[in-house]
Amino acid sequence: MRRQSGVVRQGLVGSEGEAAVAVNAKKIAVYALVVFVAYVIITDPRGAADYVGIAFEGISNAASAIGDFMTWVADGAK
C-alpha cells in the first residue's frame, strides 16, 4: 500500500506493474522450459543426448564464424 499526494493506492501502478508482469512471464517461461527439458530427458535420453550434441555443434560453428570474422577484420578486411 502506498500513499501519494494524500491518496492511498494498493498494488503496482504504471510501469512498475508492467515490469512485474514481465518478470512473472519470464519466470513462467523459464519454468515451462525446464519442465519440457526434464520431460524430454526422462522420456528419450538418447534423443536428448543427440540434441545436446547438435546444440554444442551449433555453438562451436558460431564461435568459429566469429573467429573467422575477427581474423578478416584484423587482416584489414581484405
Side chains of residues 44-51: which donor-acceptor partners sit under 3.5 Å, not counting sequence neighbours?
{"residue": "D44", "atom": "OD1", "partner": "G47", "partner atom": "N", "Å": "3.3"}

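Other residues sharing a hydrophobic cluster with V34 under the 4.5 Å side-chain heavy-atom criterion for ILVMFWY residues are V30. The other residues sharing a hydrophobic cluster with Y31 are V35, where clustering joins ILVMFWY side chains under 4.5 Å apart. Connectivity analysis of hydrophobic side chains (ILVMFWY, heavy atoms under 4.5 Å, direct or indirect) links I54 to nothing; its cluster partners are none.
Legend: residues meeting side chain to side chain contact (heavy atoms under 4.5 Å, CB included) with A38, ordered by chain and number and at least two apart, are absent. Residues satisfying the side chain to side chain contact (heavy atoms under 4.5 Å, CB included) criterion with F69, sequence neighbours excluded, are W72, V73. Every side chain to side chain contact (heavy atoms under 4.5 Å, CB included) that V52 has, sequence neighbours left out, goes to F56.
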